[in-house]
Structure formats: structure tokens, C-alpha cells
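Sharing a structure here in C-alpha cells format.
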Amino acid sequence: MSVRTRYAPSPTGEPHIGNIRTALFDWLLARHHGGQFILRIEDTDRQRFTEGGVEAQVETLRWLGLDWDEGPDVGGPFAPYTESERLDIYNEHTERLIQTDWAYRCYCSRERLDEVRKAQQARKEPPRYDRHCRELSAEERAQREAEGTKPVVRFKTPLTGETATRDALRGEVTFANDTLDDFVILKSDGYPTYHLAAMVDDHLMEITHVLRGEDWLSSLPRHVLIYRAFGWEPPIFAHVSNIVGADRSKLSKRHGAHAALEYREMGYLPEAVVNFLALLGWSLDDHTEIIDRETLIKHFDIDRLLPNPAAFNADKLLWMNGMYIREMSPEELAARARPFLEKALGHEVEAARLARIVPLIQERIKTLTEIVEMADFFFTEGPLEYDAATLVGKKFADAPARAAEGLERVIAASERVTEWSHEALEAAIRTLADEMGVKAGDLFGVVRVAITGKTAAPPLFETMEVLGREVTLARLREALGRLR
RNA sequence: GCCCCCGUCGUCUAGCGGCCUAGGACGCCACCCUUUCAAGGUGGAGAUCGCGGGUUCGAAUCCCGCCGGGGGCACCA
């Protein structure tokens with residue numbers, strides 16, 4: 001039998017990095033076994049539905065290259081894949097549970113429910129439904145119906161015994177049934193709750209492995225009970241831990257837990273994000289860190305998944321992104337970084353020029369956006385922004401006249417260079433430093449600020465070469481003017 | 001309050017009874033390379049394996065208890 005997994009988000013906002021890691025594991029498991037990965041939209045909460053929520057999910061999966069075989073957009077043998085379009089299916093299944101005495105209609109008002117809960121909490125009892133409507137007589141039920149009360153349907157949880165089942169990461173887990181209450185499976189608005197909808201869909205869609213967030217673990221017995229009530233064989237459940245913040249609590253906005261797509265905006269590469277996320281709770285062996293998609297697929301399996309929560313290590317992600325940037329061909333880096341540069345500059349950049357710049361900055365950036373601060377001076381017109389003190393630098397702080405002299409002679413030497421190449425420029429300026437009796441590096445520092453406006457920049461002579469004779473000389477003269 | 005899960009360097013992890021005086025990675029520090037910044041190379045600091053009991057010739061690895069952390073307890077998913 002083919003392995004079938006699913007990612008079933010509810011469209012309540014942008015998926016954050018933790019949700020996506022779970023989706024990644026589901027995807028990897030399916031791909032590893034040559035099975036199917038299904039996208040299902042769980043939009044059964046009309047209150048929390050947000051505009052664009054589905055698109056955000058789809059966009060994120062696409063960016064990361066997590067492709068699905070069946071879903072709302074591509075269809076499939078078990079369509080529809082959007083729960084709000086499957087209401088008749090849930091109704092039918094709810095009816096079945098009522099017929100078999102596994103469920104009942106409950107007419108309790110929210111007010112009554114609140115009171116019951118409050119009273120229980122005051123008595124320091126666990127808050128749960130008191131099963132008031134569990135054994136309603138036919139007359140009572142008829143009366144409530146006549147009053148026009150819209151009922152919910154609750155699952156009839158066994159009063160005694162325990163429900164034991166297996167979690168692929170944690171082994172046997174057991175829950176006493178009397179700690180469970182009669183949970184709602186169909187809301188009064190006719191929509192199902194997650195408990196019913198997800199189980200019915202997982203079964204109907206022939207899902208074999210459910211990898212989901214750890215927060216579902218305490219609901220596991222309910223889900224197993226539902227499967228048993230229908231007489232179905234449950235899938236393999238694996239509850240993946242949550243990603244936690246630096247304070248070890250569930251990752252949330254206050255940790256700067258970003259929506260997955262924000263990483264795209266920050267200049268992270270999808271392959272780096274995938275690699276990084278895969279290593280949060282899973283490992284290939286005791287030493288491999290950089291793992292490409294194919295290798296991930298080849299080796300991924302749930303037996304190496306860890307049950308304990310992992311903290312998000314932003315430093316490591318940044319390092320990893322840098323690794324991927326350096327391993328890329330310069331052509332590809334140019335293509336990928338280009339939009340970031342053009343957005344910041346506000347105009348298009350010439351491909352040929354960018355192609356000459358990229359090799360100079362490739363090992364100096366860790367995110368795509370960093371190309372902007374690293375290379376913007378290649379594109380600025382007119383005078384650069386820096387102050388005279390930076391230009392003079394520490395080396396010439398007490399002898400600014402020497403710096404000026406150096407600049408003057410660099411200008412003269414550059415004018416004399418016949419072939420505008422970094423080799424010729426370096427030879428000329430090194431000789432000059434010798435003649436002046438100053439350290440080459442000290443002189444280079446002044447030139448660097450003059451032509452880039454920065455103290456940290458790409459290699460000096462390659463930079464001059466790319467900048468060209470005209471711009472280089474103009475900037476050197478401009479700098480000299482500021483010194484005088 | 002009740003239920004469930006988790007517990008190896010700051011962080012991600014390897015480890016599945018002897019190979020562990022606990023390995024790798026990020027970060028940190030030092031040195032080398034070097035025109036700056038990076039990248040790269042080398043080395044270093046950093047974990048009494050949460051604590052306490054067992055079992056065993058031998059435990060990070062198995063068992064029990066405790067402590068700590070987290071999650072859940074909705075007509076939300």
C-alpha cells in the first residue's frame with residue numbers, strides 16, 4: 001500500500017515556520033516512500049477564516065518546493081479537498097454515529113456551558129461538559145426541537161476504561177476515558193469540528209501516516225475513539241514536537257517567529273530553509289549538516305525523528321544560507337539576488353555588470369538582501385556618502401596630509417595605467433606605496449573609502465576594474481577635494 | 001486544578017549496555033592566510049548526559065521516584 005500523507009492547514013493567516021516544518025516532514029515521508037502528499041484546507045471555522053489564507057499556504061509550499069499530488073487546485077480521486085465543500089459528507093457520518101448510539105444531540109446553551117465550567121473551576125475540578133443531554137428522553141428532545149434550539153452533536157465518550165494507542169515517536173500512550181468529555185463533533189451552524197472532519201477525511205482520503213503538531217497529542221484518544229466508532233483502522237500517528245522560542249515556550253509572534261514567507265523577503269533561500277528545518281528534530285547521521293533535497297528524500301524516515309521540542313537557532317540558519325549562497329554558481333546567484341538589488345535601487349541593473357560584481361561579493365553575503373549593502377556603490381551616481389575622518393582612517397589620523405598626498409599620487413598612477421585591469425592597478429599602487437614609504441594596506445584603506453564609501457568592501461582592485469577608469473578617477477578626485 | 005508529553009555543551013544534535021576520558025554543527029575565543037570585510041584552514045573553551053535511587057562486572061543508554069520545562073483541557077484548529 002502506498003504511503004499517503006497530508007498537510008491540512010486552516011486558512012487563518014500566514015503559516016509560520018513551525019507549521020511548515022511539520023508539512024515538510026509529511027512531504028518528505030511521502031516522497032521517501034514514493035507515495036502521495038495531499039493538501040487539504042480545513043476551513044470549518046467561519047469566524048477565524050481570513051482572506052488570502054489559502055493563498056498564503058499555497059504560496060509558501062510552492063516557494064519551498066513542497067509539491068502536492070492532490071489538493072483543492074489540482075483535484076484528485078477524493079475531491080473536494082476543501083472541507084467547507086464536504087459538509088454533506090460530515091452530516092452523513094454524524095448521522096451514522098447517532099444511529100449507532102456513538103453520538104447525541106445537545107441543546108445546552110453557551111450560557112449554561114459557561115456556568116457549568118465556572119462552577120467546576122471554582123471547585124478545582126477539570127472543566128468539562130457535564131453530559132446533561134446525553135440521556136435526553138424522546139419527549140425532551142422533541143420539546144427542544146420545537147423551541148427551535150439548534151443543537152450541536154456530541155460524541156458519546158465511554159465513561160470508564162482507557163484508550164490506549166500508539167504514537168510513532170513516543171510509543172504506547174494511554175488515556176483514562178473519564179478524563180475525556182463528550183466533545184462536540186458537529187457545531188450548531190452545521191459545520192464539523194476538527195475532530196470529526198479530519199478523521200473522516202483522513203480515512204476517506206486513505207491517509208496512512210498523520211504527522212502533525214504535538215498540540216494534538218492530548219486529542220489523540222478522541223480521534224482513536226472516532227475511528228473505532230466507525231469501525232475503521234486508524235492511520236499511523238506521529239506527533240512532531242513544536243518549535244520553541246529562546247524561552248522554550250511555543251513559538252509565537254513575540255519571539256519574532258516569522259511567517260515562512262518572511263524568510264523569502266529577508267533573502268533566505270528555500271533550499272537552506274528546507275535543510276535547516278529538516279534538521280530540527282531529525283538528523284541524517286552524526287556529522288552531515290548540508291543536505292540537499294534529494295538526499296533528504298532518500299534518507300528521511302520517522303524512525304530518526306525526535307520527540308523533544310527544538311529551539312529555533314537563527315544564527316545557524318544564517319550560516320547555512322551563506323553556505324548555499326557560496327555553493328551556487330555565480331550566474332544563479334546573480335539571477336536570484338537581482339530582484340533584491342533592483343528593488344532597493346529602484347531601477348533595473350545591467351546583467352553584464354551584475355555578472356562581474358557577483359563573484360566579488362559571493363563569499364561576503366549570507367542572505368540575498370545583503371547584496372544591497374555590499375554592492376550598492378557600484379550603482380550610485382554622484383558623490384558617495386562618507387565623512388572625511390573615515391576617509392583618512394586610523395592609519396593617517398595624525399597625518400591627513402599624507403593621506404591626501406597618497407590619493408594624489410594614486411590618481412596620477414591610475415591615469416598612467418595603460419590597461420585598466422586589477423593586475424596593472426595593483427602593481428602600480430603597490431609600487432607607489434613603496435616609494436612613499438607607507439604600508440600598502442594603509443594606503444589601500446584610503447582608496448577603498450574613496451571609491452566605495454565603506455571601510456569593509458569587496459577586493460579593492462577588482463572593484464576599481466569593474467567600476468571603470470572614469471568613475472574610479474572621479475571618485476578619487478572627489479575624495480581628494482574633500483581632504484583639502 | 002486535571003491529563004499528556006519532553007529532559008545530552010548556550011542552541012541544533014550523535015549516542016539505541018562496554019567503541020564515551022560523550023562525537024559533529026552553529027555561535028564564541030585564539031592563531032594562520034590576507035589590502036578591508038568575508039571565505040577558508042588550524043586549535044581552544046564549553047555537557048559531573050535534569051536530580052536521586054536501583055538493575056548490571058559495566059548505564060547517557062534499562063527500571064522506579066522526584067524535580068524542571070512544555071502542551072492540552074472551546075460550538076478553534
Side-chain angles (χ1 to χ4, degrees), chain A residues 8-12 42-45 47-48 106 108-110 113-114 117 120-121 123-129 150-154 167 169-170 173-176 178-181 183-195 197-198 212-221 239 241-242 244 246-250 276 279-290 304 306-320 322-323 326 361-366 374 393 426 429-430 433 439-445 447-449 452 454-461:
Chain A
S10 61
T12 54
E42 306 204 323
D43 57 345
T44 55
D45 184 350
Q47 263 78 347
R48 295 205 309 155
C106 165
C108 292
S109 67
R110 287 171 200 266
L113 260 22
D114 282 344
R117 241 190 308 272
Q120 286 166 331
Q121 273 160 344
R123 276 176 273 140
K124 298 216 183 278
E125 283 171 19
R128 57 177 99 118
Y129 180 57
K150 284 241 186 282
V152 300
V153 178
R154 289 180 182 272
D167 172 89
L169 306 187
R170 298 155 217 270
V173 262
T174 307
F175 300 81
D178 61 13
T179 63
L180 275 22
D181 66 357
F183 54 96
V184 173
I185 55 175
L186 197 73
K187 298 180 257 184
S188 58
D189 63 3
Y191 280 69
T193 60
Y194 173 91
H195 304 302
R212 49 159 29 172
E214 189 187 14
D215 27 348
W216 287 115
L217 190 58
S218 37
S219 300
L220 220 208
H239 293 85
S241 64
N242 288 312
V244 297
D247 62 357
R248 295 260 131 205
S249 69
K250 198 173 166 184
F276 175 75
L279 254 21
L280 242 38
W282 181 84
S283 62
L284 176 58
D285 53 33
D286 62 348
H287 64 278
T288 313
E289 303 284 340
I290 303 299
R304 286 189 71 83
L306 261 21
N308 49 309
F312 191 84
N313 185 181
D315 277 339
K316 187 158 181 174
L317 205 213
L318 187 61
W319 164 79
M320 196 170 270
M323 290 290 284
R326 271 169 262 134
I361 54 113
Q362 184 155 16
E363 61 189 32
R364 292 178 169 75
I365 61 174
K366 285 195 166 78
M374 195 57 72
E426 179 163 4
I429 295 172
R430 270 189 196 282
K439 281 167 85 178
D442 295 352
L443 182 60
F444 296 171
V447 177
R448 176 173 301 108
V449 174
T452 69
K454 304 171 198 290
T455 51
L460 187 58
F461 303 105

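So that the names make sense, note that chain A is the first sequence line, chain B the second, and so on, each numbered from 1. FYI, side chains are in, hydrogens and waters are out, and symmetry mates aren't considered; it's all heavy atoms of this structure.
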Salt bridge (Lys or Arg N to Asp or Glu O under 4.0 Å) partners for Lys187(A), two or more places apart =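 Lys187(A) satisfies salt bridge (Lys or Arg N to Asp or Glu O under 4.0 Å) with no residue once adjacent residues are dropped.
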key: side-chain hydrogen bond (donor to acceptor under 3.5 Å, both in side chains) partners of Asp285(A), counting only residues at least two apart   =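 Applying side-chain hydrogen bond (donor to acceptor under 3.5 Å, both in side chains) to Asp285(A) gives Thr288(A).
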request  = Report the residues that fulfil salt bridge (Lys or Arg N to Asp or Glu O under 4.0 Å) with Arg304(A), sequence neighbours left out, ordered by chain and then residue number.
outcome  =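 Expected list: none.
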ask   = Which residues satisfy the side chain to side chain contact (heavy atoms under 4.5 Å, CB included) test with Ala310(A), sequence neighbours excluded?
value =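 Testing Ala310(A) for side chain to side chain contact (heavy atoms under 4.5 Å, CB included), a comparison that skips the adjacent residues, returns Leu280(A).
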inquiry  = I'd like to check the ring-ring contact (aromatic ring centres under 6.0 Å, His included) partners of Trp319(A); sequence neighbours left out, ordered by chain and number.
reply    =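 Listed in chain order: nothing, the list is empty.
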Set of residues satisfying ring-ring contact (aromatic ring centres under 6.0 Å, His included) with respect to Phe461(A), sequence neighbours excluded =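 If we apply the ring-ring contact (aromatic ring centres under 6.0 Å, His included) test to Phe461(A), skipping adjacent residues, the hits are Phe444(A).
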note = Reading nucleotides 36-49 of chain B from 5' to 3' and marking B where a protein heavy atom lies under 4.0 Å of the base, S where only the sugar-phosphate is that close, and - otherwise, the string is BBBSS---------
query = Among all residues two or more places apart in sequence or in another chain, which pass the side-chain hydrogen bond (donor to acceptor under 3.5 Å, both in side chains) test with Arg123(A)?
reply =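 Only Glu125(A) meet the side-chain hydrogen bond (donor to acceptor under 3.5 Å, both in side chains) criterion with Arg123(A).
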Distances under 3.5 Å between nitrogen or oxygen atoms of protein and nucleotides 2-5 of chain B:
unit_1 : atom_1 : unit_2    : atom_2 : d
C5(B)  : O2'    : Arg170(A) : NH1    : 2.4
C5(B)  : O2'    : Glu214(A) : OE2    : 3.3

key: Partner nucleotide of U35(B) by Watson-Crick or wobble geometry (both distances under 3.5 Å)   =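 Pairing partner: none.
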key: Watson-Crick/G-U partner (both atom distances under 3.5 Å) of G65(B)   =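 Per the H-bond distance test, C51(B).
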ask   = Can you name the salt bridge (Lys or Arg N to Asp or Glu O under 4.0 Å) partners of Asp167(A), sequence neighbours left out?
value =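 Partners of Asp167(A) under the salt bridge (Lys or Arg N to Asp or Glu O under 4.0 Å) test: Arg170(A).
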Report all interatomic pairs (protein N or O, nucleotide N or O of nucleotides 62-64 of chain B) with separations under 3.5 Å.
none

query = Whom does C28(B) pair with, Watson-Crick or G-U wobble, provided both distances fall under 3.5 Å?
reply =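 Across all strands, the one nucleotide that pairs with C28(B) is G44(B).
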message = With hydrogens left out and only the distance checked, is there a donor-acceptor pair under 3.5 Å joining Gln120(A)'s side chain and the base of G1(B)?
response =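 Flag unset: no donor-acceptor pair detected.
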query = Who pairs with Leu113(A) by side chain to side chain contact (heavy atoms under 4.5 Å, CB included), at least two apart in sequence or on another chain?
reply =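 Scan of Leu113(A) (side chain to side chain contact (heavy atoms under 4.5 Å, CB included), adjacent residues dropped) gives Cys108(A), Arg117(A), Tyr129(A), Arg154(A).
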